[in-house]
Amino acid sequence: ATNKLWGGRFAAGPAAIMERINASIGFDKILYRQDIAGSKAHCAMLVKQGIIPAADGAAIQAGLDRVLAEIEAGQFEFRVDREDIHMNVEARLAELIGPSAGRLHTARSRNDQVATDFRLWLRDAIDQLDIDLKALQAALIARAEEHSGTILPGMTHLQAAQPVTLGHHLLAYVEMLGRDRGRFVDARKRLNENPLGSAALAGTPYPIDRDLTSQLLGFDRPTANSLDAVSDRDFALEFLAGASILGMHLSRLAEEIVLWCSDRFRFIRLSDAFSTGSSIMPQKRNPDAAELVRAKVGRTLGNFTALMMVMKGLPLAYSKDMQDDKEPVFEAVETLSLSLAAMTGMIGDMQVQNAAMQQATLGGFLTATDLADYLVMQLGVPFREAHHITGRAVALAEARGVRLDELELSDFQTLHPEIRQDVHSVLTVEGSAGARQSFGGTAPDRVVAAVAQAKARFL
Ligand code: ARG
């Protein structure tokens with residue numbers, strides 16, 4: 001049998017393999033709600049403009065409501081021979097209401113229909129991801145507030161650098177996630193234009209009202225160019241680029257959780273709820289969820305690459321290649337919402353091991369910069385010279401096997417005669433962190449203020 005919706009010029013139906021490669025219903029059925037909303041708006045506009053009779057319009061509206069109810073009740077049969085969500089809905093509508101259904105596709109093409117559905121779907125997905133991102137920020141801010149004064153070794157090159165507060169460290173991720181949210185909000189603004197009414201590629205001779213359908217569907221305005229509207233997918237690419245950057249941020253945080261849970265760090269502990277055991281090594285508590293979050297950014301970047309490759313060589317306007325635009329986006333959204341939920345769970349769950357963090361701050365000469373700063377600020381030594389003198393102090397402490405603050409005053413005075421007893425107070429990790437009062441710095445009272453600001457900016 002030929003296809004009822006487009007088979008007029010065909011004598012025979014498609015080969016089985018043609019039907020299989022052509023069908024998108026397996027994945028685009030999740031667009032059903034947007035597809036039906038788009039059809040209802042289009043139908044209302046056609047009636048208002050006198051393009052189709054009001055009685056047909058009323059039958060179509062009622063029929064579409066029934067189709068929606070059937071799908072939501074799990075009573076709808078999605079058929080591969082009906083190719084995609086658009087034709088599945090329309091064919092079922094025809095079964096329900098008869099020939100009136102045939103008027104719905106007036107002044108419309110699946111090309112503007114699918115572009116509309118996809119934008120509506122992604123708009124909703126972005127709104128949900130924003131909620132998920134905010135929940136993760138809230139979890140991080142709560143832990144930062146608890147640990148505004150907890151000190152751990154800050155690192156560069158994964159080497160001990162300077163003392164930082166845990167609250168400050170966690171708030172760094174709150175900033176990254178805030179920019180991720182901003183990227184999605186920006187993408188949402190640009191995608192919120194209505195392709196409906198562009199028809200196949202050139203527009204339509206019917207006296208349609210694109211402002212009306214825009215308004216009914218919550219779009220800011222109709223798209224300005226019909227060729228662009230049916231063949232642009234940069235709104236999806238922009239989303240996937242932002243998704244990849246977010247995935248990378250989550251992966252870095254996941255990596256820190258893995259490191260901090262390890263036996264060498266023991267900075268945090270995940271409860272049984274977020275740990276897994278080994279089938280052979282009974283002592284194990286593995287941070288699998290963090291490792292999987294770390295892994296998943298590869299898929300999201302792959303999704304971005306996949307769609308970029310689909311689009312890069314296509315002449316205007318629509319080509320069927322573009323049917324492959326949806327799965328990468330659907331997969332990225334699913335991956336991110338799972339990763340965000342898992343990360344929010346882990347951040348809330350982690351037990352901070354204050355003693356281990358404290359212990360770790362004692363090694364690595366974390367306060368060496370503070371000694372150099374003391375020489376500059378108290379004794380007026382130029383910074384480069386102070387750096388050199390401090391390097392000698394570190395070498396001396398290393399040779400003696402002691403911490404910097406364990407050197408005697410007389411040792412310090414061999415390096416610079418004017419160093420006084422008060423040098424010892426700047427060499428503690430508390431003194432070091434507490435001194436970093438510059439805006440955006442790690443001092444505990446700075447963190448307290450930053451927590452309040454983060455709540456106001458993000459929550
Ligand atoms: N299932 C198609 C897609 O996702 C709908 C658009 C089909 N348009 C066409 N001219 N064959 O892209």
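None of the values given here were measured: they were computed from a predicted structure. In this chain, numbering begins with 1 at the start of the sequence shown. Numbering of ligands and ligand atoms starts at 1, following listing order.
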Over-ring placement of Arg233 relative to Phe118, 6.0 Å and 45° cut-offs: no
Does a donor on one side chain and an acceptor on the other come within less than 3.5 Å for His168 and Thr165? no
Less than 4.0 angstrom from a charged side-chain N to a carboxylate O is my criterion; do Asp370 and Arg436 meet it? yes
Only one of Arg285, Arg269, Met346 clears side chain to side chain contact (heavy atoms under 4.5 Å, CB included) with Phe274; which? Met346
Note the single closest protein heavy atom to atom 8 (N) of ligand 1, along with its residue, its atom name and the distance in Å. Asn111 OD1, 2.9 Å
Is His86 near ligand 1, meaning one of its heavy atoms is under 4.0 Å from it? yes
Enclosure of Arg266 CZ (heavy-atom neighbours >12, cutoff 6.0 Å): no
Please indicate whether any nitrogen or oxygen in Gln323 is less than 3.5 Å from any nitrogen or oxygen in ligand 1. yes
Honestly, for Gln113 the part within reach of ligand 1 (heavy atoms, under 4.0 Å) is neither
Have a look at Asp325, Asp112, Asp84, Leu201 and point out the one with the heavy atom closest to atom 5 (C) of ligand 1. Asp84
The answer for which part of Lys326 has a heavy atom under 4.0 Å from ligand 1 is side chain
Check ligand 1 against Ser24 and write out every atom of the ligand that is under 4.0 Å from a heavy-atom position of the residue. 1 (N)
Please check if the distance between the ring centroids of Phe184 and Phe239 is under 6.0 Å. yes
Hey, is CD on Glu70 packed in by over 12 heavy atoms from elsewhere, all under 6.0 Å? yes
Among non-hydrogen protein atoms, atom 7 (C) of ligand 1 lies closest to Tyr318 OH, 3.5 Å
For atom 11 (N) of ligand 1, find the nearest protein heavy atom and state the residue, atom name and distance (0.1 Å precision). Arg110 NH2, 3.7 Å
